[in-house]
Trainee: 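I'd like to ask you about the structure that follows.
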Amino acid sequence: MAEPVALQFRDPARARALLEALARLTAHRSEGDPLAVMHVCGSHEQAIARFGLRAALPPTLRVIMGPGCPVCVTDAPEVDEAVALADAGLRVATYGDMLRVPGSARSLDDARASGARVEVVYGVAQAVAAAAAAPGEPYVFFASGFETTAVATAAVLLRDPPPNFFVLSAHKYIPPVMEIVAEMPETRVEGFLAAGHAAAITGWGVFEPFVARHGIPVVVGGFEPLDILAGFAALAELARAGEARVVNAFPRMVTREGNRRAQEQLWAVFEPAGGQWRGIARVPNGNLRLRAAFAARDARRRFADVLAGAAPPGCAPRADECRCGDILAGIAAPSDCALFGGPCTPAAPVGACMVSSEGACRIWHEYGGAPRIEVREAAP
Amino acid sequence: MCLGVPGRIVAVEGLLAQVDFWGVRREVRLDVVDEPVAEGDWVLNHVGFAIRRIPPEEVEATLALYDQILAAAEDDAMRQDVRGELAAARRKPGDG
């Protein structure tokens, strides 16, 4: 496990001022009843852990990582589908993080070890190029990621990819899962830090209906340590004032309307559909499904016969002890899981949270986030 | 997978741009970028696609995070993610 990284700020004076403001704005709370805010982005957690921000936050503020890792929330049956297609002899490409995510019994990496043709790509355009280079054989791109990444999948489907290119969509849409988490009594979230680069696509206006329904403030924040502190400070200010509204603390990347051109392409190709998020719940409108107009590209429809018997029996070893779902819902921290750092490590992951570089367990394992947080949470 | 990377456009050819990332030139698609872009513009890129033209006055603040991350050790997870983003932008045959 890495040594905690020393705090390093581009502008230490501004960081100090923000930390003082955070302490002041949460001073009416206690260590036993801290202001609980949730972020929903693996990159936020990476930056928080990497730059050691939790060590600097006042004990009256509790920062929870929610379901912000798209790889982690990919449900086991979705992995099973990809494994079934690979086992059937189809070429299957996916992002590197997806390779070792456990399905019900096996991962794509397991399928590859037993001879299936599974390939890692960094981007969907590479998958299209690989399909074009072998026109005779079906090529399935197992697509994961939130709206920011789904936009790229949409763009290639709108540009007439080769006829042997298919998409198995495990894309997910963040705003609907915030509704689910906000209603979980165990989680008790009092404010959300929304991910800046996803909001660059959707615009910050997308969170206004959520705020109106739930009375919980949302702040859109960037990824630089000062951006994150500024985001928390804005949340603390809104929470103390009892003001539920959306604040854009990342104006250099995010506008109210977002990227219209990207939205048009995203929604031309995908439609929101209810779907299970690993360990969390069935999330109405939480999945991005290919529209009927793209049925010919949809691996679920094109290879329905192969997928009909996809769910294999059995259960991955120790999966029943894995608390990835609770961690994604913000109910548990990685250090609450008995497997964390023992039987479950990045080299031998049990659950998806330890697989992805955006998973809370993997991040805490890499950057030593856990020991710091144990100190903070010792007095609930 | 939700952290994009900034780069500077050195040439635009239809829906493709040649983009310089810390001295490495890569090909990025412009299908979904929010505004028309031209040589010299900075864009935020994700999985091989430009998703936003970065306003010129915001470039310096945007780069600060990446300068910190890329100065980190080779095995740093955030650094590896940023490098993965760079790998998503296509290499031109015979180019860096």
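Order of the sequence lines sets the chain letters (A, B, ...), proteins ahead of strands, with each chain counted from 1. As the structure is a computational prediction, the values presented were derived from the model and not from experiment.
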Trainee: Sort B/A61 into side chain, backbone, both or neither according to what part of it lies under 4.5 angstrom from a heavy atom of chain A.
Mentor: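 Contact with chain A is through both the backbone and side chain of B/A61.
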Trainee: Consider only side-chain N and O atoms of A/H171 and A/T149, and report whether a donor and an acceptor are under 3.5 Å apart.
Mentor: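 The answer is no; no qualifying pair exists.
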Trainee: Looking only at non-hydrogen atoms, find the nearest pair between B/P6 and B/F21 and report the distance.
Mentor: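 Distance-wise, the nearest heavy atoms are O-CD2, 3.4 Å.
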Trainee: Using a 4.5 Å cut-off on heavy atoms from C-beta on, say whether the side chain of A/I174 contacts that of A/F192.
Mentor: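 Contact flag for A/F192/A/I174 side chains = no.
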Trainee: For A/T255, is it the side chain, the backbone, both or neither that has a heavy atom under 4.5 Å from a heavy atom of chain B?
Mentor: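 It is the side chain, since no backbone atom gets that close.
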Trainee: Do the side chains of A/E45 and A/R54 get close enough for a salt bridge, i.e. N-O under 4.0 angstrom?
Mentor: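 Yes, this pair counts.
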Trainee: Parallel, tilted or perpendicular: which fits the ring planes of A/Y95 and A/F141, with parallel below 30° and perpendicular above 60°?
Mentor: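 Correct class here is perpendicular.
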Trainee: So what's closer than 4.5 Å to chain A heavy atoms on B/L63: side chain, backbone, both or neither?
Mentor: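 Neither part.
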Trainee: Can you classify the ring geometry of A/F146 versus A/W277 as parallel (below 30°), tilted (30 to 60°) or perpendicular (above 60°)?
Mentor: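 Because their plane-to-plane angle is under 30°, the rings of A/F146 and A/W277 count as parallel.
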Trainee: For B/L86, which atoms come within 4.5 Å of any heavy atom of chain A: side chain, backbone, both, or neither?
Mentor: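 Neither part; nothing is under 4.5 Å.
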Trainee: Is it the backbone or the side chain of B/R53 that comes under 4.5 Å from a heavy atom of chain A, or both, or neither?
Mentor: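 It is neither, since no heavy atom gets under 4.5 Å.
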Trainee: What part of A/A154 lies closer than 4.5 angstrom to a heavy atom of chain B: side chain, backbone, both or neither?
Mentor: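 No part of A/A154 comes within 4.5 Å of chain B.
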Trainee: How about residues 34-43 of chain B versus chain A: which residues have heavy atoms under 4.5 Å apart?
Mentor: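 Listed by number, the contacting residues are B/D34.
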Trainee: Just to verify, what does A/C361 make a disulfide bond (SG atoms under 2.5 Å apart) with, not counting sequence neighbours?
Mentor: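 Testing A/C361 for disulfide bond (SG atoms under 2.5 Å apart), a comparison that skips the adjacent residues, returns none.
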Trainee: Strictly by modelled atom types, are A/Q46 and A/E358 linked by a side-chain donor-acceptor pair under 3.5 Å?
Mentor: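 No pair is found: no donor N or O on one side chain lies under 3.5 Å from an acceptor on the other.
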Trainee: So, A/R260 and A/E264, do they make that salt bridge, N to O below 4.0 Å?
Mentor: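 Salt bridge: no.
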Trainee: Just so I understand: if I count every heavy-atom pair under 4.5 Å between each of A/R362, A/R159, A/E147 and chain B, which residue has the most?
Mentor: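 Going by pairs under 4.5 Å, I would pick A/R159.
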Trainee: If you measure from the Lys or Arg side-chain nitrogens to the Asp or Glu carboxylate oxygens, is any gap between B/E85 and B/R26 under 4.0 Å?
Mentor: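 Looking at B/R26 together with B/E85, the answer is no, because their closest N to O distance does not fall below 4.0 Å.
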Trainee: Out of B/D75, B/I54, B/D67, B/V33, return the one with the most heavy atom pairs under 4.5 angstrom to chain A.
Mentor: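 Highest number of heavy-atom pairs under 4.5 Å: B/V33.
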